[in-house]
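Each ligand, and each atom within it, is numbered from 1 in the order the structure gives.
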Amino acid sequence: MHVLVTGGAGFIGSHTVVSLLERGHRVTIADDFDNSSPKVLDRIEAITGIRPELAEVDLLDEAAFDAAFAAAKPDAVIHFAGLKAVGESAADPLRYYAHNLGSTFSLLRAMKRHDVSTLVFSSSATVYGDVQQPPYTEDGGRLDATNPYGMTKVMLERILRDIAGAESGWHIALLRYFNPIGAHESGLIGEDPSGIPNNLAPYILQVAVGRLPRLSVFGDDYPTADGTGERDYIHVVDLAEGHVAALEKLATTEGARAWNLGTGTPTSVLQMIAAFEEASGRPIPYSVGPRRAGDLPQSWADTGRAEAELGWKATRDIADMARDGWRWQEQNPRGFSD
Ligand code: UD1
């Protein structure tokens, strides 16, 4: 299958491109490198021996994107492109809503014009808000989000369901990611956040490599086993393989359907620190600070639907995630700027 991957140079996108190529699919990356590096293409080629095709285009430039789409003639789309920083979205909601919704509208119109009806959409466990108690099940309650970034995912899931409900022939996967971390085991691609990382694993890695002095643990008075927040961290290569499984499942699934991509296992902040200390052989200095506004005590997936319907299950554990994340960081201390 020829797959157009929007945001294919990003963290999850690049790992998914590798999995698609290894599985024998043809890939065109559509990316404007707004928050990613063109070096990713060289690295993907080094890993797989295949250079993905590239459409360097901004989805919001609808005419240019449509022309790129028409030239590529894909059979299916995996849509990663979008803005994703929670704090930034709270400070500038208009930019987030306009960008994430507008670029998806541009994509959907191109798909309709060129008769492409298979779409895998990057959603997030953030759509569960604080409505359910974990483990979260796909149909366990209404969707909600505590910030504009998350709300773009809630809205886009609804928009995609409405479209698939109104018109027959769509095949849409809504993939709700838990907390993707780690890196490809080659150490050639990984997460390269711009500025100070907001998320736990990249922050810990930058402390381990000496770019940041210490970690602040956001609260140790949660009602959890050790008092720190618990999350369902998933190895990005498992996540990438989940996309390939979902894409292949869509051949026989009409309409729009949501699947959780997680491991089903919670890990605390202190357990994460210990795992990365072990993997890196370096101490991770930390101090306990106040809770971060909007954080939940706990979040993890019910993985039953993905296992039963996609035939997919995460196989890598926290030690694997810490080892592969550290290998990437140690080999590329400044990410793709090295
Ligand atoms: C965050 C986003 C979520 C997004 C997800 C992407 C918020 C409120 N939520 O989720 O919308 O989909 O990233 O992966 O930003 N922690 C620390 N110190 C740090 C950073 C994090 O103690 O410097 C703790 C947090 O309190 C939390 C855990 O580590 O308990 C994980 O945090 P993070 O990696 O930011 O992920 P989420 O909060 O789950």
What residue and heavy atom of the protein are closest to [atom], and at what distance?
atom: atom 33 (P) of ligand 1; result: N199 ND2, 3.5 Å
atom: atom 34 (O) of ligand 1; result: L200 N, 2.8 Å
atom: atom 16 (N) of ligand 1; result: F218 CD1, 3.6 Å
atom: atom 12 (O) of ligand 1; result: S124 OG, 3.3 Å
atom: atom 8 (C) of ligand 1; result: D295 OD1, 3.4 Å
atom: atom 10 (O) of ligand 1; result: N179 ND2, 4.1 Å
atom: atom 31 (C) of ligand 1; result: Y233 OH, 3.3 Å
atom: atom 35 (O) of ligand 1; result: R292 NH2, 2.8 Å

**Message:** Please determine whether any non-hydrogen atom of Y177 lies less than 4.0 Å from an atom of ligand 1.
**Reply:**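 So Y177 does not count as touching ligand 1.
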**Request:** Report yes or no: does a heavy atom of G150 sit under 4.0 Å from some atom of ligand 1?
**Result:** no
**Request:** Could you state whether V27 and I12 fall into the same hydrophobic cluster, counting links through intermediate Ile, Leu, Val, Met, Phe, Trp or Tyr residues with side-chain heavy atoms under 4.5 angstrom apart?
**Result:**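 Linked, V27 and I12 end up in one cluster.
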**Request:** Go through the steps to decide whether E248 and H243 satisfy the test side chain to side chain donor-acceptor pair (under 3.5 Å), and finish with yes or no.
**Result:** CA-CA 9 Å; E248 292 172 359; H243 285 72; over 6 Å; no
**Asked** Is any N or O atom of E230, backbone or side chain, closer than 3.5 Å to an N or O atom of ligand 1?
**Response**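 Such a contact does not occur with ligand 1.
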**Request:** Please state whether the rings of Y128 and Y136 are parallel, tilted or perpendicular, taking 30° and 60° as the class boundaries.
**Result:**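 Rings of Y128 and Y136: parallel, under 30°.
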**Message:** Less than 6.0 angstrom from the centroid, inside 45 degrees of the normal: does R231 satisfy that with respect to the ring of F178?
**Reply:** no
[X] side chain vs [Y] backbone, donor-acceptor pair below 3.5 Å:
X: T6; Y: F80; result: yes
X: R176; Y: E138; result: yes
X: D324; Y: E185; result: no

**Item:** ligand 1 versus P197: contacting region, heavy-atom distance under 4.0 Å
**Value:** neither
**N198, portion touching ligand 1 at heavy-atom distance under 4.0 Å** = backbone
**Asked** Under 3.5 Å, is there a donor-acceptor pair between the E157 and S123 side chains?
**Response** yes
**Message:** Using the rule given for side chain to side chain donor-acceptor pair (under 3.5 Å), can you reason through H114 versus D66, listing the C-alpha separation, both sets of side-chain angles and the distance that settles it, and then say yes or no?
**Reply:** CA-CA 9 Å; H114 302 290; D66 191 76; 3.1 Å; yes
**Prompt:** Hey, which atoms in ligand 1 end up nearer than 4.0 Å to a heavy atom of V217?
**Reply:**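 Those atoms are 22 (O).
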**Message:** Out of all atoms in ligand 1, which are within 4.0 Å of some heavy atom of T126? Include the element for each.
**Reply:** 11 (O)
**Asked** Can you find a heavy atom in the side chain of I273 that is under 4.5 Å from one in the side chain of V217?
**Response**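 Result yes, sub-4.5 Å side-chain heavy-atom pair found.
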